[in-house]
K.L.:
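Here's a structure for you.
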Amino acid sequence: MSSRFIDFLHETDASSLPDEVLDLGRRWLLDLIGVAAGGAGTRMSRIIRDHAAGHFGPGARQARILFDGRAASPAGVALAGGITIDALDGHDGHKLTKGHVGCGVFPSLLAVSEAEGRLDDRAFLAGLVTGYEIGTRAGIALHRTVPDYHTSGAWVAVAAAALGARVLGLDAAQSREAIGIAEYHGPRSQMMRCIDHPTMVKDGSGWGAMAGVSAAYLAADGFTGAPAITVEGADVADLWDDLGTRWRIAEQYYKAYPVCRWAQPPLQAVLNLRSEHKLTSGDVERIEITTFHQSRRLATRDPKTTEEAQYSTAYPTAVALVRGRVDPVDVAEASFADPEIRRLAQSMTVTESDEYNAAFPARRIAHVALVLKDGRRLQSEPTEALYDPEAPVDMATVRAKFRAYAGPALGTDRAAAIEAAVDRLGDGSGIADLIELVQAPAAEPGDVAA
C-alpha cells in the first residue's frame with residue numbers, strides 16, 4: 001500500500017483541507033442526517049435497529065444506534081445507521097460509482113468515534129471528507145476491474161475500514177490489513193437483482209459499513225487480510241495518485257426526490273412540462289418515457305412497499321404529474337391507493353434509447369411525451385436529474401430539504417439544533433452535542449415530535 005494512501009488517511013486534518021471541501025463535508029452530512037431522520041420511520045429501519053440492538057450487543061466497545069438511542073457494538077451501530085439512511089433513497093451519490101458513499105461512511109465514522117471517545121469535531125469533519133475521497137475511488141476502481149454491477153456496500157466497506165483505522169490510530173501495516181479484510185469480506189451483492197425485485201436489501205450500504213468497522217477492529221487485534229486490489233492494483237493506481245489534489249467529494253450529486261436516481265430524469269421532465277404548460281393530471285391521457293436501460297429496469301408500476309415505490313420509474317413519474325412533487329410521504333404505503341396515480345403508472349410506456357444507453361453512467365438522460373386528452377402531444381427536451389455536480393445544489397436548498405425531512409420526525413427545535421451543530425463543525429467545540437442530537441429516538445409515524 002502506497003505511502004501516499006497511508007499519509008492521506010492518517011495525516012489529513014481540517015487545517016490542511018480547503019474551506020470549500022470542508023463546506024461540502026458539512027453539506028453532505030446535513031443531508032444525510034435529514035434522510036436518516038426521515039428513514040427512521042420506515043419498517044425497514046425499525047427492523048434493522050431492533051436487529052442491531054438484539055444481535056449486536058455492546059461489549060468492550062459500544063455506541064448508540066442512530067435515531068434510536070439503544071446501545072450496540074460499533075459494527076452493529078454502523079449496520080443500523082447505513083440501512084436507516086438507505087431506507088429512504090434521498091441521499092447523495094456519484095455517477096461513476098453508480099452508488100452512494102456517504103450512506104455508509106457517516107454512520108461508520110460516527111459509531112467508531114463515539115465508541116472510542118474521539119469527539120474532536122475537526123477530526124470528525126476531516127474524517128468524513130477522507131471517507132468520501134477513499135470510498136468514491138474504491139467504487140470507481142471496483143467498477144473498472146470487475147464485470148458485475150455490485151452494490152455500494154462492496155466498496156463502502158473499504159472506506160469504513162479506512163476510517164476505523166484512522167480513528168483507532170492503527171499503524172501502516174495494520175491499516176493495510178484492515179482495508180484488505182474489508183475488501184475481501186465486503187458484500188459483493190448484485191445490484192440489478194434488487195432493481196428487478198425491490199426489497200429491503202437495497203444497496204448493501206449498511207452491510208458494507210458493518211464489514212468495514214469490523215475489519216478495523218479485527219486488524220487492531222492482529223487479524224490479517226488479503227491485499228485490497230481496488231487500492232493496490234497497478235490498473236487502478238491513477239485513481240489514487242491524485243489523493244489530496246482532486247476532490248471527489250465535489251463530484252457527488254444531490255437528490256431532490258427520495259427515489260432512485262435513474263428514475264429522476266423522466267420525473268423531472270414531467271415536472272418541467274407540467275409547470276411550463278400549467279397542466280393537471282386530468283389533462284393527460286398517458287405518459288410516454290424514453291430513457292436508458294437501467295431506468296427502464298425500474299419496472300414496478302403498482303408498488304406495495306416503499307422499496308418498490310423508490311425503485312420504480314413509472315410510479316414516481318405519475319406522482320410528479322398528479323401532485324407536482326415527490327416527497328417522503330409520496331413513497332409511503334399510505335399513498336399507493338391514489339386512483340389517478342395508478343391510472344397514469346399503469347398506462348405509461350417506457351422504452352430505451354441507444355443514445356441514452358451510450359451516455360450512461362456518466363450521464364443519465366430521458367425525455368417524455370405527454371399525450372393529452374384533447375389530442376395534443378407535448379414532448380420534453382432531453383432531461384437529466386437536478387443537481388448533478390456540474391450544476392451543484394445551493395446550501396439553501398439543502399437546508400430546506402433537511403427541515404422538510406427532519407422536522408416531522410424530530411420537531412423543529414431539535415432539527416434546528418442539529419443544523420446549528422453541523423454548521424459549527426470545525427470550530428473546536430467537539431461533536432458531543434451532535435451525537436446526543438442524532439442518537440436520541442425519532443418520533444414514530446403518527447406521533448407528534450417533541
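Remember, predicted model here, so these are calculated numbers, not experimental data.
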K.L.:
Would you call Arg64-Glu436 a salt bridge at under 4.0 Å N-O?
P.N.:
yes
K.L.:
Tell me, please, whether Tyr254 has Lys401 positioned over its six-membered ring: NZ or CZ under 6.0 Å from the ring centre and within 45 degrees of its axis?
P.N.:
yes
K.L.:
Can Lys255 be said to sit on top of Tyr387's aromatic six-ring, NZ or CZ under 6.0 Å from centre and within 45° of the ring axis?
P.N.:
no
K.L.:
Could you report the tightest heavy-atom contact between Ser281 and Glu340, atom names first, then the distance?
P.N.:
OG-OE2, 3.0 Å
K.L.:
Taking all heavy atoms of Ile134 and all of Trp240, pick out the closest pair and write down the distance.
P.N.:
O-CH2, 3.4 Å
K.L.:
Return the minimal non-hydrogen interatomic distance between Gly99 and Ser152, and the atom names on each side.
P.N.:
CA-OG, 3.2 Å
K.L.:
Kindly indicate, with the supporting measurements, whether the criterion salt bridge (Lys or Arg N to Asp or Glu O under 4.0 Å) is fulfilled by Glu384 and Arg364.
P.N.:
CA-CA 6 Å; Glu384 297 179 73; Arg364 294 97 182 274; over 6 Å; no
K.L.:
Dump the intermediate steps for salt bridge (Lys or Arg N to Asp or Glu O under 4.0 Å) on Asp423 and Arg26, then the final yes or no.
P.N.:
CA-CA 7 Å; Asp423 288 344; Arg26 297 183 192 96; over 6 Å; no
K.L.:
Salt bridge or not between Arg342 and Asp302? Use side-chain N to carboxylate O under 4.0 Å.
P.N.:
yes
K.L.:
When you look at NE2 of His197, are more than 12 heavy atoms from neighbouring residues, nucleotides or ligands closer to it than 6.0 Å?
P.N.:
no
K.L.:
Could you check, using the six-membered ring where one of them is a Trp, whether His367 and Tyr356 have ring centers closer than 6.0 angstrom?
P.N.:
yes
K.L.:
Is any NZ, NE, NH1 or NH2 atom of the basic residue among Glu288 and Arg286 found under 4.0 Å from an Asp or Glu carboxylate oxygen of the other?
P.N.:
yes
K.L.:
Regarding Gln190 and Arg193, do their side chains bring together a donor and an acceptor under 3.5 Å, going by distance alone?
P.N.:
yes
K.L.:
What I want to check is whether the side chains of Asn272 and Glu276 have a donor and an acceptor closer together than 3.5 Å.
P.N.:
no
K.L.:
Identify the heavy atoms of Leu267 and Pro316 that sit nearest to each other, and give their distance.
P.N.:
CD1-CB, 3.9 Å
K.L.:
Please report the C-alpha distance between Arg70 and Asp50 in whole Å, then the side-chain angles of each, then the deciding distance to 0.1 Å, and finally whether the salt bridge (Lys or Arg N to Asp or Glu O under 4.0 Å) criterion is met.
P.N.:
CA-CA 9 Å; Arg70 285 176 288 179; Asp50 287 344; 2.7 Å; yes
K.L.:
With a 3.5 Å distance limit and no angle check, can you tell me whether Asp283 reaches the backbone of Thr280 through a side-chain donor-acceptor pair?
P.N.:
yes
K.L.:
Ignoring hydrogens and angles, state whether a donor on the side chain of Thr245 or Asp242 is under 3.5 Å from an acceptor on the partner side chain.
P.N.:
no
K.L.:
Can you see which heavy atom on Glu333 is nearest to which on Lys304, and at what distance?
P.N.:
CG-O, 3.6 Å
K.L.:
Run the salt-bridge test on Asp238 and Arg137 with the 4.0 Å N-O cut-off and return the result as yes or no.
P.N.:
no
K.L.:
Check the side chains of Thr300 and Ser312 for a donor-acceptor pair under 3.5 angstrom, ignoring hydrogens and angles.
P.N.:
no
K.L.:
Would you say the side chains of Glu183 and Thr230 form a donor-acceptor pair under 3.5 Å?
P.N.:
yes
K.L.:
On the ring face of Tyr132, is Arg248 found with NZ or CZ under 6.0 Å from the centre and within 45° of the axis?
P.N.:
no
K.L.:
Would the distance check show the side chain of Asp121 and the main-chain N or O of Ser429 forming a donor-acceptor pair, the cut-off being under 3.5 Å?
P.N.:
yes
K.L.:
Could you tell me whether a side-chain N or O of Thr313 sits under 3.5 Å from a main-chain N or O of Ser295, the two making a donor and an acceptor?
P.N.:
yes
K.L.:
Can you tell whether the side chains of Arg376 and Glu285 come within less than 4.0 Å, N to carboxylate O?
P.N.:
no
K.L.:
Answer with yes or no after comparing the ring centroid distance for Phe292 and Phe360 against a 6.0 Å cut-off, counting only values under it.
P.N.:
yes
K.L.:
Measure across Ala209 and Ala160 and return the closest heavy-atom pair with its distance rounded to 0.1 Å.
P.N.:
O-CB, 3.9 Å
K.L.:
Tell me every residue that passes side-chain hydrogen bond (donor to acceptor under 3.5 Å, both in side chains) with Arg188, counting only those two or more places apart in sequence or in another chain.
P.N.:
none
K.L.:
To the closest 0.5 Å, what do you measure between NZ (Lys202) and CD1 (Ile195)?
P.N.:
9.5 Å
K.L.:
For the backbone of Gln252 and the side chain of His94, can you confirm whether one donor and one acceptor N or O come within less than 3.5 Å of each other?
P.N.:
no
K.L.:
So Glu251 and Arg246, salt bridge (Lys or Arg N to Asp or Glu O under 4.0 Å) or not? Walk me through it.
P.N.:
CA-CA 10 Å; Glu251 299 175 2; Arg246 176 175 181 173; 2.9 Å; yes
